[in-house]
A.B. asks: 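Following this message is one structure expressed as structure tokens.
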Amino acid sequence: MSFKCPVQDQRFVLDHVVRMAELSNDLEIVDAVLEGAAALAEGEFAPLNRVGDEHKARWHDGEVTMPPGFKAAWRAFVEGGWMGLSAPVEAGGQGLPLALSAALTENLNGANPAFALLPVLSFGAIEALEKHGSPKLKDEYLAKIVSGEWPATMNLTEPQAGSDVGALKTRAEPAGGGSYKITGTKIFITYGEHDLADNIIHLVLARTPDAPAGTRGISLFLVPKLLPGGARNDLRCVSIEHKMGIHASPTCVLSFGDEGGATGWLVGPEMAGMRAMFTMMNNARLNVALQGVGIAEAATQRAVAYGLERRQSGRAIADFPDVRRMLLRMRSLTMGARSLVYYAFGQADRGARGDEAAALRAEVLTPLAKAWGTDVGCEVASLGIQVHGGMGFIEETGAAQHLRDARIAPIYEGTNGIQAADLVGRKLGLDGGAAFDMLLADIRAETADPRIIALGDAVEVAAASYRQAEPDDRLAGSYPFLTMCAVLVAGWMLERQANVVGDSQFHATKRAAADYFNSVVVTEALGLAAGAEAGAALLYAVPAESLV
């Protein structure tokens, strides 16, 4: 099966969800970018998806060799200027809306999610360096990252410090001239080493001497693989992981300072590393949500093609009610997730242009998009296997790879449980609660669907109880509550699109998907209210060891 980018639906969502006409004066550029991004994804990245899964990234003596064809595809990406699509013009970028870049990222993930991780990390690094880097660092490194010549990475996790970032032990000692010597070990570093570029720019969290414990004492450093002048910095890849999926993406263990210390420079003030890193992290969270959307799109296309081709009792199995149920669920979930994530990007665009209310809304939407978008990726990929029946369990059909590749996304960039905790712990109270309440008010003002209204009522009741509850009680029901909120926003956006008048097959499919979503998925989310109200006492009724 050849992957085809969903250009028509992307443009429709950009028009009616993002309302791109308010963000761009030249909609011809929008069409050109969508068409060019589709050609890149379909022509360069998609043919390598199976190749990368089978050949994998290979480690030997500190060096990582990428699968066949990856160098040429990366060169096409760089030469096309795609890394700088939404980057600042003054840094060599094109300054286009983030929502337009979202379509590119979705396409790359639909075509080849393991390969798409490389530019996604650089997107976040560009924003972090642009907002927090010194003029000197920007002059030396930003344009190279924007061009794609020097890809970037994010270095947080250590063997003893995963989600508990404050437990990290990597050290940074002043070395004169504004530089530092970095020593320590980082794990799970995506594209920490590879042969697609000469230089790799690492953004590394570390602790300076006498810094306080916990996250308050963490600083962020730019640590290049190659130093100015071309000498190799004191860092190396000591191994790569053997993973369930995304086999072509080298997940590296990096050792800094085996020979005295890797040279690095502060990004932002000392002990303000978490603020700078969260700029990159929040960018990555929205882009990881697109990993879920892209894989869901690819899995749906594969399942529909198989359902039409496979015949049983003289009929295509796509005509059987339960297969039709699965296919329509896959399509509606994918469209709903795309709508939610693009909407979040559109609000981020408005926030970047000075709309403070939109910036706050983007903050509220980010955990919804990241968690539910990646959950959708996994559910849709799993349904795709089911549509294939026994053949879905066979690697040659390609259906299994979608699920293997999708499964990491709910873990990436703060697990989805952390996203739920962020929602109830911080985002509900953002701007005194006004940011969340205004989102509900806008939904109420536009929707005419009683199912969406009912779900909005349930979300409002749960939100009110969370604001008065003890922390553990809020966290106990936070995950179903997040799902309710995400489905509410997605249903609202699908209703908006379904209301657009049109008599084409595309419009009919859009209306059918929206009706299924709001009849079934929204109603299911309403049923999560009991779980959202469940308190800590229910979870801690027995000790964990008794669950064995």
Side-chain angles (χ1 to χ4, degrees), residues 2-48 72-113 115-116 118-120 122-123 126-127 130 143 145-149 151 283 286-287 289-291 293-294 297-298 301 334-335 338-339 341-350 352-353 497 500 502 504 506-507 510:
S2 298
F3 173 72
K4 294 295 181 184
C5 297
V7 173
Q8 186 176 17
D9 196 52
Q10 289 173 333
R11 179 58 195 268
F12 195 80
V13 172
L14 288 172
D15 284 344
H16 301 289
V17 171
V18 176
R19 292 173 169 161
M20 182 61 74
E22 299 172 3
L23 298 173
S24 174
N25 294 323
D26 190 348
L27 296 182
E28 290 185 3
I29 291 180
V30 173
D31 289 328
V33 168
L34 291 179
E35 292 167 7
L40 175 76
E42 294 169 9
E44 300 287 350
F45 277 49
L48 299 175
W74 182 248
R75 188 163 55 249
F77 180 86
V78 172
E79 291 175 353
W82 292 103
M83 184 70 80
L85 195 65
S86 298
V89 173
E90 56 271 23
Q94 300 171 54
L96 295 173
L98 291 168
L100 191 53
S101 183
L104 166 67
T105 304
E106 183 200 336
N107 288 344
L108 297 182
N109 276 296
N112 193 326
F115 205 171
L118 179 56
V120 159
S122 291
F123 292 150
I126 289 167
E127 185 176 359
E130 195 273 328
I145 302 174
V146 168
S147 72
E149 185 178 349
N283 181 296
L286 285 178
N287 279 303
L290 291 167
Q291 186 173 359
V293 178
E297 178 63 40
Q301 290 185 20
T334 302
M335 286 183 169
R338 178 179 296 119
S339 300
V341 179
Y342 281 40
Y343 179 56
F345 271 98
Q347 294 301 300
D349 275 316
R350 287 169 171 78
R353 287 160 169 76
Q497 295 167 73
V500 176
S504 69
F506 170 80
H507 289 89
K510 179 67 75 172

A.B. asks: Please identify each residue that fulfils side chain to side chain donor-acceptor pair (under 3.5 Å) with Gln94, with sequence neighbours left out.
C.D. replies: none
A.B. asks: For residues 18-39, run the donor-acceptor check on the side chains, cut-off 3.5 Å, and write out each pair with its distance to 0.1 Å, sequence neighbours left out.
C.D. replies:
residue: Glu22; atom: OE1; partner: Arg350; partner atom: NH2; Å: 2.6
residue: Ser24; atom: OG; partner: Asp26; partner atom: N; Å: 3.3
residue: Ser24; atom: OG; partner: Asp26; partner atom: O; Å: 3.3
residue: Asp26; atom: OD1; partner: Glu28; partner atom: N; Å: 3.1
residue: Asp31; atom: OD1; partner: Arg11; partner atom: NH1; Å: 2.1
residue: Asp31; atom: OD2; partner: Arg11; partner atom: NH1; Å: 3.0

A.B. asks: Apply side chain to side chain donor-acceptor pair (under 3.5 Å) to Gln301 and list each qualifying residue two or more places apart in sequence or on a separate chain.
C.D. replies: Glu297
A.B. asks: Which distance, rounded to the nearest 0.5 Å, do you find between the OG of Ser86 and the CD1 of Ile126?
C.D. replies: 9.5 Å
A.B. asks: Identify, with sequence neighbours excluded, every residue that meets salt bridge (charged side-chain N to carboxylate O under 4.0 Å, His left out) alongside Arg75.
C.D. replies: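 Residues passing salt bridge (charged side-chain N to carboxylate O under 4.0 Å, His left out) with Arg75: none at all.
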A.B. asks: Could you tell me which residues satisfy side chain to side chain donor-acceptor pair (under 3.5 Å) with Glu149, sequence neighbours excluded, listed by chain and number?
C.D. replies: Lys144
A.B. asks: Filter on ring pair (Phe, Tyr, Trp, His ring centres under 6.0 Å), then keep only pairs touching residues 12-38, sequence neighbours left out; what's left?
C.D. replies: Phe12-His16, Phe12-Phe506, Phe12-His507
A.B. asks: Please, which pairs that meet salt bridge (Lys or Arg N to Asp or Glu O under 4.0 Å) have at least one residue in residues 95-105, sequence neighbours excluded?
C.D. replies: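 Every candidate salt bridge (Lys or Arg N to Asp or Glu O under 4.0 Å) pair involving residues 95-105 fails, so no pair, neighbours aside, qualifies.
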A.B. asks: When you compare the side chain of Met83 with that of Ile145, does any pair of heavy atoms fall below 4.5 Å?
C.D. replies: no
A.B. asks: Quick one: list whatever passes ring pair (Phe, Tyr, Trp, His ring centres under 6.0 Å) with Tyr343, sequence neighbours left out.
C.D. replies: Trp492
A.B. asks: Please list all pairs meeting salt bridge (Lys or Arg N to Asp or Glu O under 4.0 Å) that have one or both residues in residues 83-99, counting only residues at least two apart or in different chains.
C.D. replies: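 Matches after skipping sequence neighbours: none remain.
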A.B. asks: Under 3.5 Å, side-chain donor or acceptor atoms of residues 96-112 against the rest of the protein: list the pairs with distances, not counting sequence neighbours.
C.D. replies:
residue: Thr105; atom: OG1; partner: Ser101; partner atom: O; Å: 3.2
residue: Glu106; atom: OE1; partner: Gln10; partner atom: NE2; Å: 3.2
residue: Glu106; atom: OE1; partner: Arg338; partner atom: NE; Å: 3.1
residue: Glu106; atom: OE1; partner: Tyr342; partner atom: OH; Å: 2.6
residue: Glu106; atom: OE2; partner: Arg338; partner atom: NE; Å: 3.2
residue: Glu106; atom: OE2; partner: Arg338; partner atom: NH2; Å: 2.7
residue: Asn107; atom: OD1; partner: Gln10; partner atom: NE2; Å: 2.8
residue: Asn107; atom: ND2; partner: Ala103; partner atom: O; Å: 3.3
residue: Asn109; atom: ND2; partner: Thr105; partner atom: O; Å: 3.0
residue: Asn112; atom: OD1; partner: Phe115; partner atom: N; Å: 3.2
residue: Asn112; atom: ND2; partner: Phe45; partner atom: O; Å: 3.0

A.B. asks: Apply salt bridge (charged side-chain N to carboxylate O under 4.0 Å, His left out) to Glu127 and list each qualifying residue two or more places apart in sequence or on a separate chain.
C.D. replies: Lys131
